[in-house]
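What follows is one structure encoded as structure tokens, with my remarks underneath.
Residue numbers start from 1 in every chain, and the chains themselves are labelled A, B, ... in the order their sequence lines are given, proteins ahead of strands. FYI, side chains are in, hydrogens and waters are out, and symmetry mates aren't considered; it's all heavy atoms of this structure.
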Protein chains: 2
Amino acid sequence: MNIQDVILGILNKKPHSGYEIKQHFEEYFSFFFDASYGTIYPTLSKMEGLKLITKESVRQEGKPDKNVFTITSTGTERFQTYLHGPVEKEVLRSDFFMHLYFGDMTDKETVEKLLRQAMEEKQTMFDDLEQKLKKLDTKLGTYQKMCMELGLAQYAAFIKEIQRVLELDFA
Amino acid sequence: MNIQDVILGILNKKPHSGYEIKQHFEEYFSFFFDASYGTIYPTLSKMEGLKLITKESVRQEGKPDKNVFTITSTGTERFQTYLHGPVEKEVLRSDFFMHLYFGDMTDKETVEKLLRQAMEEKQTMFDDLEQKLKKLDTKLGTYQKMCMELGLAQYAAFIKEIQRVLELDFA
DNA sequence: CTGTGCATGTAACACGTTACATGATTGC
DNA sequence: GCAATCATGTAACGTGTTACATGCACAG
């Protein structure tokens, strides 16, 4: 999976501008992927050069112009190849786990604070995602919802487990 | 969190060689962090230059020589700063979620295969981690175990949720 | 006239991986 | 002699971020 594939997936539904693609990232899959403008715009240029997408300038009322990108048949092909291809191993990079792992080199209060903070953050993420799921209910397909429900399930498990250890070891 | 901090954490317990550090990564926190030799060795050289660690060549019987690194007081200081500093946001990069998200652009069989495969992989990771936890039981501190138990809880939730959707939508 | 949102883009930098290259020692 | 494990290291490459730079349009 690279950003190109992800962009192709989004454009496969309908044309978007770079700015809209970034919004889509934040709105729909912030919890398992993200990319900055610094990646998106150069990637779009590159993909245009590779004839995977085409650019069209669109005038808007009350807003600046935007460059809307449309997927080409080559792009669709490439995306289908991605979809049917192998699934890359999931990568988690967690500073929370690292801090916890080395927790015995600090005091108990620091660890407790770490755990409480992590729990609160996860709770916020849970709430946000749940709210998003409710709000977008009709706009989402089965599999999009499935993604979110899987995310929620993992968040919930994490929160529950933290609560358990907080009660057990920090009573 | 960068690799330097992680290496300092490992060396804070006892001196290690680059090779041993890599093994430690795989053995103890493969599920939330990883790094390759291509990162480890240059980083160790850099850290030696920064006086965070010192190198010592050690002869072994039946094995080639190794460079063992020891943390300095500057290194310990730096690690304490890391430990008490802010916790970076967790980053997940999941190709599985991406494939699932765009699942409606393939056929149901492909998605089912995707889900089953993901479930099996998570089950394997669960089993491995559980086994590791049992095997290392006495060698692990409270917080190390906590990390693993949190990992297990998340894996279990994921597996359970996948099973649910498989029974519900793919009956 | 200023802040906010919309919109695009670049340049410097950090970080990390993969593949390559080397070589010791042991066990078969 | 060869495969496996131990052990170290580099060079090329890819990928992505952050900070910077610019500018339109609207609302208050």
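- Residues A/Leu44 and A/Val58 do not share a hydrophobic cluster, clusters being chains of Ile/Leu/Val/Met/Phe/Trp/Tyr side chains in contact below 4.5 Å.
- Aromatic pair B/Phe29/A/Phe97: ring centres not closer than 6.0 Å.
- Within the 4.5 Å cutoff, the side chain of A/Met119 has no heavy atoms near those of the A/Phe158 side chain.
- OP1 or OP2 of D/dG16 has not a single side-chain nitrogen or oxygen of A/Asn2 nearer than 4.0 Å.
- When heavy atoms are screened at a 4.0 angstrom cut-off, B/Arg59 is found touching no nucleic acid atom at all.
- Taking the centre of each ring, A/Phe102 and B/Phe79 come in below the 6.0 Å mark.
- Comparing A/Ile3 and A/Gln60 by the nucleotide of DNA chain D whose heavy atom lies nearest to each, the residue mapping closer to the 5' end is A/Ile3.
- Mapping A/Glu61 and B/Pro64 onto DNA chain D via the closest heavy atom, the residue that lands nearer the 5' end is B/Pro64.
- Under 4.0 angstrom from either OP1 or OP2 of C/dT17 there lies at least one side-chain N or O belonging to B/Thr39.
- Proximity note for B/Lys66 (side chain, C-beta onward) versus D/dC6, C/dA7, D/dT8: the nearest is D/dT8.
- Looking at the side chain of B/Tyr19, the nearest of the listed nucleotides D/dT5, C/dC6, C/dG23 is D/dT5.
- Across all strands, A/Gly18 comes closer than 4.0 Å only to sugar-phosphate atoms, never to a base (heavy-atom distances).
- Regarding B/Glu20, its CD atom lies at a distance of 13 Å from the C1' atom of D/dT8, rounded to whole Å.
- Counting only heavy atoms from C-beta on, A/Ser36 has its side chain closest to D/dT17 among D/dG9, D/dT17, C/dA7.
- Computed from coordinates, the B/Asp65 CG to C/dT22 C1' distance equals 15 Å when rounded to whole Å.
- Nucleotide C/dA7 holds its P atom 14 Å from the CD atom of A/Glu26, rounded to whole Å.
- Where A/Pro42 and A/Gly62 each meet DNA chain C at their nearest nucleotide, the meeting point lying more 5' is that of A/Gly62.
- Within the nucleic acid shown, A/Ser17 comes within 4.0 Å of sugar-phosphate atoms alone, with no base atom in reach, counting heavy atoms only.
- Taking every side-chain heavy atom of B/Ala35 into account, C/dT17 is the closest of C/dT17, C/dT8, D/dC6.
- Look at B/Gln4 and you won't find any side-chain N or O under 4.0 angstrom from OP1 or OP2 of C/dC15.
- Judged purely by distance below 3.5 Å, without hydrogens or angles, the side chains of B/Gln117 and B/Glu121 pair a donor atom with an acceptor atom.
- B/Gly38 comes within 4.0 angstrom of a nucleotide base, judged by non-hydrogen atoms across all strands.
- Atom OH in A/Tyr37 sits about 12 Å away from atom P in C/dG5, given to the nearest Å.
- In this structure, A/Tyr41 reaches the C/dT8 phosphate: one of its side-chain N or O atoms is under 4.0 Å from OP1 or OP2.
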